[in-house]
Participant: 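For reference, the structure I am asking about is given below.
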Amino acid sequence: MTRAGNRAVGLAVMMLVSAVIGSVVVAAAKSPAKPVTPTPPAAAPAAVTPSPTPLPTKYVVLTFDDGPDAEYTPKVLDILALYGAKATFFEVGQNVRKHPELTKQLHAAGHSVQNHTWDHSDLRKLTAARFQQEVRLTDQAIRAQIGSTPGCLRPPYGGVNPAVRQRARQLGKDLVVWTVDSRDWTKPGTAAIVQRVLKNVHSGSVILMHDGGGNRSQTVAALPTILKALKAQGYGFRTLTC
């Protein structure tokens with residue numbers, strides 16, 4: 001091939017290469033690479049918050065004093081469970097020491113456990129130091145079983161005066177008495193206990209009964225009738241937490 005022919009072939013090859021490169025560049029310009037869009041993470045399911053059970057608007061507060069008692073407290077607990085009722089138990093510290101498992105059981109069942117002094121002393125007759133001892137020892141015994149300190153204090157015999165109020169306040173306690181007294185501790189008979197409660201009850205009543213401190217068989221016998229009648233009248237049950 002002549003020198004002129006070689007130049008012609010070389011020129012043709014260069015033109016072909018240029019055309020191919022130009023085609024690639026044009027194609028790349030027309031079809032830009034698509035950006036990679038990251039896939040968003042799946043949304044976490046929304047936390048479901050259980051709705052609190054509304055408190056009954058027509059209600060009574062059932063309270064039981066002087067326990068826990070090995071014979072009568074379990075019977076009261078079973079009856080309350082049968083009727084779906086909750087109550088507040090004002091416990092005597094020395095009885096908590098004797099039957100700690102009952103205090104724990106009451107708390108686990110959703111009842112309120114509160115302070116009724118160490119040995120049921122009349123707080124009006126105590127020195128300031130003895131007053132504190134009665135309350136604090138009971139607090140310690142209850143706290144060891146339920147993990148929290150009672151905020152309510154029920155003075156034995158309902159005994160309240162200015163000194164008792166002041167000393168309770170200094171200890172951070174709310175004094176709680178009652179509005180309906182079944183006087184079950186007098187052992188007047190089952191029918192009398194029922195009548196005293198139902199005759200005087202109204203919405204918001206704080207009813208006093210006993211699960212300890214003596215023979216409470218009449219209270220146990222009266223309780224189902226009382227609960228059945230209260231529920232039939234539309235009452236619900238609240239507990240005390242001071």
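Hydrogens, waters and symmetry mates are skipped; everything else that's a heavy atom, side chains included, is used.
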Participant: If you measure from CG on Leu240 to NE2 on His111, what distance do you get to the nearest 0.5 Å?
Facilitator: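 With rounding to 0.5 Å, CG (Leu240) is 13.5 Å from NE2 (His111).
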Participant: Can you tell which of Val61, Thr88, Val201 makes a side chain to side chain contact (heavy atoms under 4.5 Å, CB included) with Ile207?
Facilitator: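 Answer to the side chain to side chain contact (heavy atoms under 4.5 Å, CB included) test with Ile207 among Val61, Thr88, Val201: Val201.
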Participant: Quick one: OG1 on Thr63 to CG on Leu208, what's the gap to the nearest 0.5 Å?
Facilitator: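 Output value for this atom pair is 5.0 Å.
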Participant: Please assess Gln218 against Arg216 for the test side-chain contact (heavy atoms from CB on, under 4.5 Å), listing each intermediate value before the final yes or no.
Facilitator: CA-CA 5 Å; Gln218 292 182 6; Arg216 303 305 178 209; over 6 Å; no
Participant: Ignoring hydrogens and geometry, is there a side-chain-to-backbone donor-acceptor pair from Glu134 to Thr117 under 3.5 Å?
Facilitator: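 Not confirmed, Glu134 side chain does not pair with Thr117 backbone.
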Participant: Which residues pass the ring-ring contact (aromatic ring centres under 6.0 Å, His included) test with Phe90, sequence neighbours left out?
Facilitator: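 Counting only residues at least two positions away or on another chain, Phe90 forms no ring-ring contact (aromatic ring centres under 6.0 Å, His included).
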Participant: Determine whether the aromatic ring centres of residues His120 and His116 are separated by less than 6.0 angstrom.
Facilitator: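 Between His116 and His120, the centre distance is under 6.0 Å.
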Participant: Take Met209 and Ile226 through the side-chain contact (heavy atoms from CB on, under 4.5 Å) test and state the conclusion after the steps.
Facilitator: CA-CA 11 Å; Met209 290 178 283; Ile226 291 171; 4.2 Å; yes
Participant: Where do Asn200 and Val180 come nearest, in terms of heavy atoms and distance?
Facilitator: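 Answer, listing the atom of Asn200 first, then Val180: O-CG2, 3.7 Å.
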Participant: For residues Leu227 and Leu62, determine if any side-chain heavy atom of one lies less than 4.5 Å from a side-chain heavy atom of the other.
Facilitator: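 The answer is yes, as the side chains (C-beta and beyond) meet within the 4.5 Å cut-off.
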Participant: Looking at every non-hydrogen atom in both residues, tell me the closest pair between Trp178 and Tyr157 and how far apart they are.
Facilitator: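 Closest pair (atom of Trp178, atom of Tyr157, distance): CH2-C, 4.0 Å.
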Participant: Between the side chain of Lys231 and the main-chain N/O of Tyr83, is any donor-acceptor distance below 3.5 Å?
Facilitator: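 Such a contact is found between Lys231 side chain and Tyr83 backbone.
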Participant: Do the numbers put Lys86 on top of the ring of Phe237, so that NZ or CZ is under 6.0 Å from the six-membered ring centre and no more than 45° off the axis?
Facilitator: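 No.
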Participant: Does one hydrophobic cluster hold both Phe89 and Ile142, with members joined at side-chain heavy-atom distances below 4.5 Å?
Facilitator: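 As far as the 4.5 Å side-chain criterion goes, Ile142 and Phe89 are connected within one cluster.
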Participant: Show your reasoning for whether side-chain contact (heavy atoms from CB on, under 4.5 Å) applies to Leu82 and Asp78.
Facilitator: CA-CA 6 Å; Leu82 181 63; Asp78 288 344; over 6 Å; no
Participant: Does Leu230 share a hydrophobic cluster with Leu77, counting links as ILVMFWY side-chain heavy atoms below 4.5 Å and allowing steps through other members?
Facilitator: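 Yes; Leu77 is reachable from Leu230 via cluster members.
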Participant: Indicate yes or no for a side-chain donor-acceptor contact from Lys173 to the backbone of Pro150 under 3.5 Å, with no hydrogens or angles considered.
Facilitator: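 At least one qualifying donor-acceptor pair exists.
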Participant: Can you tell me how far apart NZ (Lys75) and CD (Glu71) are? Round to the nearest 0.5 Å.
Facilitator: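 CD of Glu71 is found 4.5 Å from NZ of Lys75.
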Participant: Test side-chain contact (heavy atoms from CB on, under 4.5 Å) on Thr138 and Leu153; report intermediate values, then the result.
Facilitator: CA-CA 10 Å; Thr138 306; Leu153 171 63; over 6 Å; no
Participant: Taking Ala70's backbone N and O only, do any of them form a donor-acceptor pair with Thr73's side chain (distance below 3.5 Å, no angle check)?
Facilitator: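 A pair under 3.5 Å: no.
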Participant: Which atom names give the shortest non-hydrogen contact between Ile193 and Asp184, and what distance separates them?
Facilitator: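 Closest approach of Ile193 to Asp184, heavy atoms only: CD1-CB, 3.6 Å.
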Participant: Might you point out which heavy atoms bring Ser121 and Pro156 nearest each other, and give the distance in Å?
Facilitator: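 Reported closest heavy-atom pair: O-CG, 3.2 Å.
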Participant: Any link between Val176 and Phe64 through a network of hydrophobic side chains (Ile, Leu, Val, Met, Phe, Trp, Tyr) touching at under 4.5 Å?
Facilitator: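 No, because Val176 and Phe64 fall into different hydrophobic clusters, even though each may have its own neighbours under 4.5 Å.
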Participant: Please say whether the positively charged group of Arg238, taken as NZ for Lys or CZ for Arg, lies over the ring of Tyr59, i.e. under 6.0 angstrom from the six-membered ring centre and within 45 degrees of the axis.
Facilitator: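 Judged by the rule (NZ or CZ under 6.0 Å from the ring centre, within 45° of its axis), Arg238 counts as positioned above Tyr59.
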Participant: Please say yes or no: joined through hydrophobic side-chain contacts below 4.5 Å, possibly via intermediate residues, are Val206 and Leu198 part of one cluster?
Facilitator: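 In one cluster: no.
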Participant: Measure from the side-chain N and O atoms of Thr239 to the backbone N and O of Ser112, and report whether any donor-acceptor pair falls under 3.5 Å.
Facilitator: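 The answer is no, because no donor-acceptor pair under 3.5 Å joins these two groups.
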Participant: With a 4.5 Å cut-off on side-chain heavy-atom distances among I, L, V, M, F, W and Y, is there a chain of contacts connecting Leu137 to Leu102?
Facilitator: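 Per the 4.5 Å side-chain linkage, Leu137 and Leu102 are not co-clustered.
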Participant: Scan the side chains in residues 91-98 for donor-acceptor partners under 3.5 Å anywhere in the protein, sequence neighbours excluded, and list what turns up.
Facilitator:
unit_1: Glu91; atom_1: OE1; unit_2: Thr103; atom_2: OG1; d: 2.7
unit_1: Asn95; atom_1: ND2; unit_2: Asp66; atom_2: O; d: 2.9

Participant: Please determine whether a side-chain nitrogen of the Lys or Arg among Asp119 and Arg130 lies less than 4.0 Å from a carboxylate oxygen of the Asp or Glu.
Facilitator: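 Yes, this pair counts.
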Participant: Establish, from distance only, whether the side-chain atoms of Ser182 and Arg196 form a donor-acceptor pair under 3.5 Å.
Facilitator: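 No, no side-chain donor-acceptor pair sits under 3.5 Å.
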Participant: Show the nearest heavy-atom pair for residues Tyr235 and Val60, with the distance to one decimal.
Facilitator: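 Answer, listing the atom of Tyr235 first, then Val60: CD2-CG1, 3.7 Å.
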Participant: Mind listing the closest non-hydrogen atom pair of Asp69 and Gly212 along with its distance?
Facilitator: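 The answer is CB-CA, 4.0 Å.
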Participant: If you draw a 6.0 Å radius around NZ in Lys58, do more than 12 non-hydrogen atoms from other residues or ligands fall strictly inside?
Facilitator: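 Atom NZ in Lys58 is packed in, count exceeds 12.
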Participant: To the nearest 0.5 Å, what is the distance between OG (Ser148) and CZ (Arg143)?
Facilitator: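 Ser148 OG to Arg143 CZ: 9.0 Å, rounded to 0.5 Å.
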Participant: Could you state the interatomic distance from CD (Gln140) to CH2 (Trp118), rounded to the nearest 0.5 Å?
Facilitator: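 Spacing of CD (Gln140) from CH2 (Trp118) equals 8.5 Å.
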Participant: Is it true that Thr149 and Asp139 share a donor-acceptor pair across their side chains at a distance under 3.5 Å?
Facilitator: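 Side chains of Asp139 and Thr149: no pair found under 3.5 Å.
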Participant: Rounded to the nearest 0.5 Å, what's the gap from CG on Asn161 to NZ on Lys125? Could you check?
Facilitator: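 Asn161 CG to Lys125 NZ: 11.5 Å, rounded to 0.5 Å.
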Participant: Please determine if Arg154 and Asp65 form a salt bridge, counting it only when a charged side-chain N lies under 4.0 Å from a carboxylate O.
Facilitator: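 Answer for the salt bridge query: yes.
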Participant: Quickly, which of Asn215, Thr219, Asp211 forms a side-chain hydrogen bond (donor to acceptor under 3.5 Å, both in side chains) with Tyr72? Name it, please.
Facilitator: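 Passing option: Asn215.
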